[in-house]
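Not measured: the values here are computed from a predicted model.
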Amino acid sequence: MRNGILMMLAFAASAGPTSALAEGGAATVVALLVDGLSGEMIERYETPNLDRMRKSGVWTHNLTPTFPAISGPTWASIATGCLPSHHGVVTDKFIDPERGLMDHSVDADWLTGCELIQEVAERQGVRTAALGWWGALSTRRGATATYLSAAIEAERVEPRSVKSYPTDDVRAAEVLRYLSLPEEQRPRLILAFMRGPDLDAHFNGAESDEVERAVIGADAAIGTVLDALESMHDPTTLLVVSDHGHLPISHIVNLQRIMRRHDIQATGITTGTSAFLYFEAEADVVRALEALSSRDEFDVYRRSELPEWADLGTSERIGQLVLSAHPGYFFADVDLWPFWAKPLSVVGPEVIAMPFLGAGIISGHGYAPMVPGNQGVLYLSGEGVPADSLPSAHMTDVHPTLAALLGIEPGSPTDGASLVGAFGLDRP
C-alpha cells in the first residue's frame, strides 16, 4: 500500500548514473533524526537552518509513518527500511511469546528481520557512527557501528527515557567531533538522534513556549552540523528526518477500567494511541470484541483482520485484539501513573478529560498513518541535491536513500524506495 509517488521515484532512480556522485557516493553523509518535529512546528516557529535546507534541497512535510507512529516502530523502520511486519518492532511495548516483555528497548536483538543501515554500511566498508540511533547495540553481537554515543549506557537503559539522551546542542557537538577526525578515522556515515520538541509537546502542547524553544534549539543544532559539512572540501550530504508529528489530546481512555467493567480476561499493553490485548482463550477474544466494538474513542481489530495501512503482520507479538485510538484520545498506561492516581484504574471514570488536575498528556501521536498531523518531515541537502519538494515519502525510504547516497547496496529486504533519482536528484 505505497503512495503512487514511489512508483515515480523508482522509475526515476532507474535512469542510470548522472552525477559527480557516480564514482561512489558522497564522501560524508550525516542523518539527524529529530524526535517529534512536525511540519506545522517548522511553519510556526523560526527555523532559519531548515529554511536553508529547503531552499537548496529536497524536502517534504508529508513523511508517512508506520503504525503506530511512535518512537520504537518508526525508529526501527527508518533504520532498516522495513515495515513493522518485517522488522518485528510492532510497538514500543509488547509481549514476545518466547522472550517476554519488550518495554521501550533499543536493543537490536528485538529485530526479527531486516538489516540496520549502520550494519549494512559497515559490512560494505563504510565506517559509521551511530549516536543514539536505534539498534546501536546488540546484546548478542555488541556494537553495530564503529563509533557509538558517549552517552550509550544511559541511552540503552530499559525502558528508555529521552531525558537520558544528550541535549541537541551536545549531540551536534558530538557529530562535529567525528567530522573533525583525521580522514583515516573519520566515519563516512554519521547517524544521530536528537531529542527535539517531542517531550515538551506531550506535556505542554505543540504551540507552547517550551516547544518553540525546543524547535529553535533543534534548528540551531542542525545549523551547527550544516555549517560544518559546508566547510568540508569533500562532497557531503545532510538528511534531517522526524519520526512523527503531534496532535492535541483532549481525553485519556482508562482502558483498564473499561476492561474491568466488561470482565475482559486479557493482558492489556498500552502505548498511547494504540493498545494490544493478549488472551488465553478464544472465547474471551470474541466476548471482548463484542464489548469494545461500540466504543466511540477507538477502533478495535482482530490481529488477523487488521486494515492494510497497519502493516503490522500477524506475529504473536501482536495481541489478538488491536485497539487504535481516534484523534484526540490517548490510552492510559497505568504503570506510568503516580501512586495516588492508580486507584482510578479500578474505580475511576472510563474517559478522563485532559489536563487532569492541571497535569497530564495534552499532545500525542501514533494514530493511523493517514491522520493529518501524524506525519513526519524529511529534508535533504548537499552534493548533487536539487531544490525541489516531494509530495510525500515514507519512513522506510530513508534507509535505501542513505545507501544510495553512499554508493552502497541497501539491506535485504527493504520495503522502501530510494529517493535518489527523484526530481533530478543525482544518484551514484
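Closest heavy-atom contact between Met41 and Ala201: CE-CB, 4.2 Å. Nearest heavy atoms, Arg195 versus Pro166: CD-O, 3.0 Å. Shown here for Thr270 and Ala275, the closest heavy-atom pair between the two residues is CG2-CB, 3.8 Å. Residues Leu50 and Val240 come closest through the heavy atom pair CD2-CG1, 4.2 Å.
With sequence neighbours left out, His86 forms a ring-ring contact (aromatic ring centres under 6.0 Å, His included) with no residue at all. Among residues two or more places apart in sequence or in another chain, the ring-ring contact (aromatic ring centres under 6.0 Å, His included) test is passed with Tyr165 by Phe193.
There is a side-chain donor-acceptor pair under 3.5 Å between Gln118 and Thr144.
Residues Phe298 and Val253 have side chains in contact (heavy-atom distance under 4.5 Å, counting atoms from C-beta outward). For the pair Thr146 and Glu122, the minimum side-chain heavy-atom distance is below 4.5 Å. Residues Glu158 and Asp107 meet the side-chain proximity criterion, which asks for heavy atoms closer than 4.5 Å. Using a 4.5 Å heavy-atom threshold, the side chains of Ile152 and Glu155 count as touching.
Separating the CD1 atom in Ile249 from the OG1 atom in Thr273 is a distance of 7.5 Å, to the nearest 0.5 Å. Ile269 CD1 to Leu101 CG: the interatomic distance, rounded to the nearest 0.5 Å, is 5.5 Å. In this structure, CG in Leu33 is found 9.5 Å from CG in Leu239, a value given to the nearest 0.5 Å. Rounding to the nearest 0.5 Å gives a distance of 7.0 Å between CG of Asp51 and CG of Asp219. Annotation: the span from Arg213 atom CZ to Asn204 atom CG amounts to 8.5 Å, rounded to 0.5 Å. To the nearest 0.5 Å, the span separating OG on Ser324 from OH on Tyr329 amounts to 13.5 Å.
Using cut-offs of 30° and 60° on the angle between ring planes, the pair Trp309 and Phe67 is perpendicular. Using cut-offs of 30° and 60° on the angle between ring planes, the pair Phe330 and His202 is perpendicular. Note: Tyr379 and His61 have tilted aromatic rings, judged against thresholds of 30 and 60 degrees for the angle between ring planes.
Between Arg287 and Glu282, none of the side-chain N atoms (NZ, or NE/NH1/NH2) sits under 4.0 Å from a carboxylate O, so this pair counts as no salt bridge. At a threshold of 4.0 Å, the pair Arg44-Glu207 counts as salt-bridged, since one of the basic side-chain nitrogens sits closer than that to a carboxylate oxygen. A salt bridge is defined here as a Lys NZ or Arg NE, NH1 or NH2 lying under 4.0 Å from an Asp or Glu carboxylate O, and Arg160 with Asp92 meets this definition. Comment: Arg52 engages Asp227 in a salt bridge, judged by a side-chain N to carboxylate O separation of less than 4.0 angstrom. A salt bridge links Arg171 with Glu174: the distance from a Lys NZ or Arg NE/NH1/NH2 to an Asp or Glu carboxylate oxygen falls below 4.0 Å. Between Arg303 and Glu316 there is no salt bridge, since no side-chain N of the basic residue sits under 4.0 Å from a carboxylate O of the acidic one.
Evaluation of the disulfide bond (SG atoms under 2.5 Å apart) test over residues 68-103, restricted to residues two or more places apart or in two chains, returns Cys82-Cys114.
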Show your working on side-chain contact (heavy atoms from CB on, under 4.5 Å) between Asp243 and Asp35 and close with a plain yes or no.
CA-CA 6 Å; Asp243 46 358; Asp35 200 349; 2.9 Å; yes
Could you go through the side-chain contact (heavy atoms from CB on, under 4.5 Å) check for Arg302 and Val322 one step at a time?
CA-CA 6 Å; Arg302 277 184 173 272; Val322 176; over 6 Å; no
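Here the options are Trp75, Phe94, Trp134, the test is ring-ring contact (aromatic ring centres under 6.0 Å, His included), and the partner is Trp110; only Phe94 passes.
Side-chain N or O atoms of Asp109 include none that pairs as donor or acceptor with a backbone N or O of Ser138 at under 3.5 Å.
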